[in-house]
Amino acid sequence: MCDDCGCGPGAEGVSYTLAGKKAGPGTRHGAGHHHHHGRQDGGGADDGAAAGRRLQVARDVLAYNNQQAEHNRQHFKACRVLALNLVSSPGSGKTTLLEQTIRRLGGARPVAVIEGDQQTLLDAERIEKTGVPVVQVNTGAGCHLDAAMVHRALHELELADDSLLFIENVGNLVCPAMFDLGEAAKVVIISVTEGEDKPLKYPAMFAAARLCLINKIDLLPHLDFDLAKCREYARRVNPDLQFIAISARSGEGMEEWLAALANLAATDPEGARAG
């Protein structure tokens, strides 16, 4: 997991900024969220023991995360909030999709957004223009959001009951698959510029997701991307995965996406009320 991908708290640590307000003091990368980069420990006879310690730390990190996730889940249930974790590689179009989704929902139900990124407030500033509350979580060198970060971000939001909460995770198809944030579902977004073999290269993400949005289909006439092959590859790792071909730019598929949101709200086992 993070021992192998270079993830770490970084010199800047983690910060939380409510859009429209001055950035407040940051906190370190998730209380109890430890990163161990043991490669510099040296080799030889200590390798086995070091590997064992890393495995134990990984188990401890995930166990702590799962406790925090359950806490978040209970909060969402109490407030009838439908929380969706949007995961993808960088550049899939998640923020544009969110902008268009919020505008098309037109205030039919309260919406809030937690933005995850390593640096900058750029995504939060874009979402702020739609008029919904948004908190930017900058993870420094961290490659994913964890449940403790979401919990901390929730304290910055005035989350209304019956809200639809979008959590835009850090662009990464590896680590976000392993961290339960307390969400009702993971929604994986893949764009047609990435190649249809992503589900085979990063199976854990597609196995963890309930819904797959194939974005930027307006570009299909200019590419060799094979929609049917992408679906077939993804279903090899998750036969139950649902798909929507979509273009946040042209609007194609957006109504089907909004219908899927309404269905998730209606069937969310954590108690979110139908939209």
**Message:** Listing request: all ring-ring contact (aromatic ring centres under 6.0 Å, His included) pairs with a residue in residues 151-172, at least two apart in sequence or in separate chains.
**Reply:** H71-H151, H151-H155
**Request:** Kindly indicate whether the side chain of L154, heavy atoms from C-beta on, has any atom under 4.5 Å from the side chain of L165.
**Result:** yes
**Item:** E252, CD: over 12 other non-hydrogen atoms inside 6.0 angstrom
**Value:** no
**Request:** Examine distances only and state if a side-chain atom of E196 and a backbone atom of D226 form a donor-acceptor pair shorter than 3.5 Å.
**Result:** yes
**Message:** Whether the side chain of Q136 engages the backbone of E115 through a donor-acceptor N/O pair (distance < 3.5 Å, no angle test) should be reported.
**Reply:** yes
**Request:** Answer yes if V111 and M254 sit in the same cluster of Ile, Leu, Val, Met, Phe, Trp and Tyr residues linked by side chain heavy atoms under 4.5 Å apart, and no otherwise.
**Result:** yes
**Request:** Measure from the side-chain N and O atoms of Q118 to the backbone N and O of G142, and report whether any donor-acceptor pair falls under 3.5 Å.
**Result:** yes
**Message:** side-chain contact (heavy atoms from CB on, under 4.5 Å), that's the test. Do V174 and C143 meet it? Break it down for me.
**Reply:** CA-CA 9 Å; V174 184; C143 63; over 6 Å; no
**Asked** Can you tell me how far the CG atom of L86 sits from the CG atom of L211, to the nearest 0.5 Å?
**Response** 10.0 Å
**Message:** Just so I know, are the side chains of C79 and L159 near enough to count as touching, which here means a heavy-atom distance under 4.5 Å?
**Reply:** no
**Request:** Look at R236 together with E232 and state whether they make a salt bridge at an N to O cut-off of under 4.0 Å.
**Result:** yes
**Fill in**
One should read off an interatomic distance between K198 NZ and Y233 OH, to the nearest 0.5 angstrom, of 14.0 Å
**Message:** Quick check on D161: does its CG atom have over 12 non-hydrogen neighbours (other residues, nucleotides or ligands) under 6.0 Å away?
**Reply:** yes
**Fill in**
For N238 and A207, the nearest pair of non-hydrogen atoms, with its separation, is ND2-O, 3.5 Å
**Item:** Straight-line distance of D146 CG to M149 CE, nearest 0.5 Å
**Value:** 4.0 Å
**Request:** Could you please spell out the steps behind the side-chain contact (heavy atoms from CB on, under 4.5 Å) verdict for T101 and L258?
**Result:** CA-CA 7 Å; T101 300; L258 295 182; 4.0 Å; yes
**Message:** Quick one: does any side-chain atom of D162 pair with a main-chain N or O of P110 as donor and acceptor, under 3.5 Å?
**Reply:** no
**Asked** For the residue pair A147 and A69, what are the closest heavy atoms and their distance?
**Response** CB-N, 3.4 Å
**Prompt:** Taking D117 as the fixed residue, which of N138, T139, L145, T95 is the one that meets the side chain to side chain contact (heavy atoms under 4.5 Å, CB included) rule?
**Reply:** N138
**Fill in**
The salt bridge (Lys or Arg N to Asp or Glu O under 4.0 Å) partners of K229 (sequence neighbours excluded) come to none
**Request:** Provide the closest heavy-atom pair for D180 versus N65 in the form atom of the first, atom of the second, distance.
**Result:** O-ND2, 2.9 Å
**Asked** Is the side chain of N66 donor-acceptor paired with the backbone N or O of L62 at a distance under 3.5 Å, no angle test?
**Response** yes
**Message:** Please determine whether the number of non-hydrogen atoms from other residues, nucleotides or ligands lying under 6.0 Å from atom CZ of R249 exceeds 12.
**Reply:** no
**Complete:** So CD of E99 and CD of E128: to nearest 0.5 Å the spacing works out to 12.0 Å
**Request:** For residues C212 and F206, report the shortest heavy-atom separation together with the two atoms involved.
**Result:** SG-CE2, 4.1 Å
**Heavy-atom pair with the smallest gap, counting every atom of G91 and S191** = O-OG, 4.3 Å
**Request:** Give a yes or no on whether the backbone of H144 and the side-chain of N172 come within a donor-acceptor separation of less than 3.5 Å.
**Result:** no
**Asked** Distance from E168 atom CD to L84 atom CG, nearest 0.5 Å?
**Response** 13.0 Å
**Asked** Roughly how far, to the nearest 0.5 Å, is OH of Y16 from CG of L157?
**Response** 12.0 Å
**Request:** Starting from the C-alpha separation in whole Å, work towards a yes-or-no answer on side-chain contact (heavy atoms from CB on, under 4.5 Å) for L97 and K94.
**Result:** CA-CA 5 Å; L97 175 70; K94 289 196 302 297; 5.6 Å; no
**Message:** Between R231 and L227, is the side-chain contact (heavy atoms from CB on, under 4.5 Å) condition met? List the steps.
**Reply:** CA-CA 6 Å; R231 292 190 185 100; L227 276 175; 3.9 Å; yes
**Item:** Side-chain donor-acceptor pair present, N85, N169, cut-off under 3.5 Å
**Value:** yes
**S247-D218 side chain donor-acceptor pair, cut-off 3.5 Å** = yes
**Request:** Examine distances only and state if a side-chain atom of E256 and a backbone atom of G253 form a donor-acceptor pair shorter than 3.5 Å.
**Result:** no
**Prompt:** Would a 4.5 Å heavy-atom cut-off, applied to side chains only, mark F243 and I190 as touching?
**Reply:** no
**Prompt:** Would you find a donor on one side and an acceptor on the other, under 3.5 Å apart, between the side chain of T96 and the backbone of G93?
**Reply:** no
**Asked** Of all heavy-atom pairs between Q100 and A248, which one has the smallest distance, and what is that distance?
**Response** CG-O, 3.3 Å
**Asked** Hey, is the main chain of I189 close enough, under 3.5 Å, to the side chain of N215 for a donor-acceptor pair?
**Response** no
**salt bridge (Lys or Arg N to Asp or Glu O under 4.0 Å) partners of K186, counting only residues at least two apart** = E183
**Message:** Do V113 and L105 sit in one hydrophobic cluster, given that two such residues count as connected whenever their side-chain heavy atoms are within less than 4.5 Å of each other, even indirectly?
**Reply:** yes
